[in-house]
Amino acid sequence: MLGGTTEASALARAVADAGIAATFSYAGRVDSPKVQPIPQRVGGFGGVAGLVRYLREHNITHVVDATHPFAAQMSRNADHACTEAGVALLALTRAPWAAEAGDTWTHVPDIASAVEALGGIARRVMLALGRMHIEDFAAQPQHHYVLRLVDAPVQQPSLPHHSVVVARGPFDVAGDIALFKEHAVDIVVCKNAGGVGADAKIHAARALGLPVVMIDRPALPARREVATAQAVLDWVAEAQHGA
Ligand code: 3Y8
Ligand code: NAP
């Protein structure tokens with residue numbers, strides 16, 4: 001299992017309960033990833049070739065890509081490696097969030113477009129993108145940014161005006177409403193992650209009538225996708241009996 005999402009953790013629990021032999025894989029992006037109820041490994045495989053080698057050396061029969069929808073490189077590598085190694089691949093995904101009546105969303109295709117969308121007068125921006133893209137926003141230094149990070153930053157972000165909030169999701173709506181009020185946030189920038197582990201900020205923005213800059217998902221390879229842990233267990237059973 002390629003993990004790192006709320007749904008991946010739910011699947012790990014279901015797989016452990018079903019007694020299926022499995023390994024949970026993290027990239028190693030954060031200091032202490034959540035401990036899973038099945039054996040886990042941390043770190044890249046070394047590209048497609050590294051993943052093919054891993055699949056063969058560990059006699060992997062099924063790969064479940066339960067990574068975040070923005071982990072496009074991992075999903076591409078999994079697709080290529082499983083084809084090359086002849087291993088079955090299934091993606092466990094979650095639907096994108098959709099705006100509701102009254103929402104003020106600006107859809108942008110990528111991080112660079114989100115930076116451009118922030119041109120203009122100084123705002124107080126909730127930058128809910130994690131650590132990996134903060135520096136891109138130095139192009140819009142006029143804003144005060146609220147940065148929510150999983151781990152405390154090793155060096156201070158270069159944005160001239162910012163506050164750092166160290167917190168790991170899943171988040172809740174009341175907490176995000178309180179956070180937005182505490183920091184007088186007036187616009188939210190986020191990825192269309194989908195799922196329930198990250199949607200608190202969407203509900204909080206809705207409750208407070210805040211505009212949202214919504215970064216749409218990158219394109220992913222065509223592959224079989226399911227939305228529930230049970231569908232994954234059924235797929236493993238069916239593939240095992242050669243159905
Ligand atoms: C290392 C491993 C679980 C998984 C929980 C989900 C929900 C909470 C919300 C905000 C948005 C953000 C970020 C976020 C959420 C879940 C899920 C999700 C968003 C952990 C985890 C790992 C990571 C990596 C981390 C990224 C960052 C992204 C923070 C674990 C906690 C912004 C994505 O510091 C860094 O380098 C962080 C990097 C990739 C995106 C980025 O570009 O910075 N996730 N997040 C995984 C690995 O090593 O393989 O659980 O401890 C997992 C979770 N984070 O089991 O309950 O299902 O999405 N993660 C986004 O959605 O925009 C925070 O603040 O509102
Ligand atoms: P990415 O850009 O798609 O992948 C970059 C490289 O990281 C991959 O080529 C692979 O290295 C390694 N990698 C990624 N996920 C891995 C995994 N689960 N196990 C082992 N290696 C992995 O990935 P990302 O966007 O940085 O995401 C990294 C992790 O954070 C993933 O587990 C993802 O589910 C989780 N996450 C990401 C986001 C996000 O916003 N991107 C949000 C929440 C959680 P090699 O080529 O060396 O194999």
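Predicted, not measured: the structure shown is a model, and the values here were computed from it. Order of listing sets the numbers, starting from 1, for every ligand and every atom in it.
Remark: Thr228 engages Gln230, Ala231 in a side chain to side chain contact (heavy atoms under 4.5 Å, CB included) (not counting sequence neighbours).
For Asn77, every heavy-atom contact with ligand 2 shorter than 4.0 Å involves the side chain, none the backbone. Using a 4.0 Å cut-off between heavy atoms, Arg168 contacts ligand 1 through its side chain alone, with no backbone atom that close. Of all the heavy atoms of Arg94, the ones lying under 4.0 Å from any atom of ligand 1 belong exclusively to the side chain. Only the side chain of Phe171 comes within contact range of ligand 1, with a heavy atom under 4.0 Å; no backbone atom does. Only the side chain of Ala193 comes within 4.0 Å of ligand 1, judged by heavy-atom distances.
Using a 4.0 Å cut-off to heavy atoms of Arg41, the atoms of ligand 2 that qualify are 20 (C). Close contacts between ligand 1 and His68 involve ligand atoms 33 (C), 58 (O), 60 (C), 61 (O) [criterion: under 4.0 Å to a heavy atom]. Residue Ser9 approaches ligand 1 through these ligand atoms, each under 4.0 Å from one of its heavy atoms: 3 (C), 55 (O). If you number the atoms of ligand 2 from 1 as listed, the ones under 4.0 Å from a heavy atom of Met132 come out as 26 (O). Atoms of ligand 1 lying under 4.0 Å from any heavy atom of Lys201, numbered from 1 in the order shown and given with element: 10 (C), 11 (C), 65 (O).
For Gly46, the heavy-atom gap to ligand 2 drops under 4.0 angstrom.
When the heavy-atom distances from atom 52 (C) of ligand 1 to Gly4, Ser32, Gly3 are ranked, the shortest goes to Gly4.
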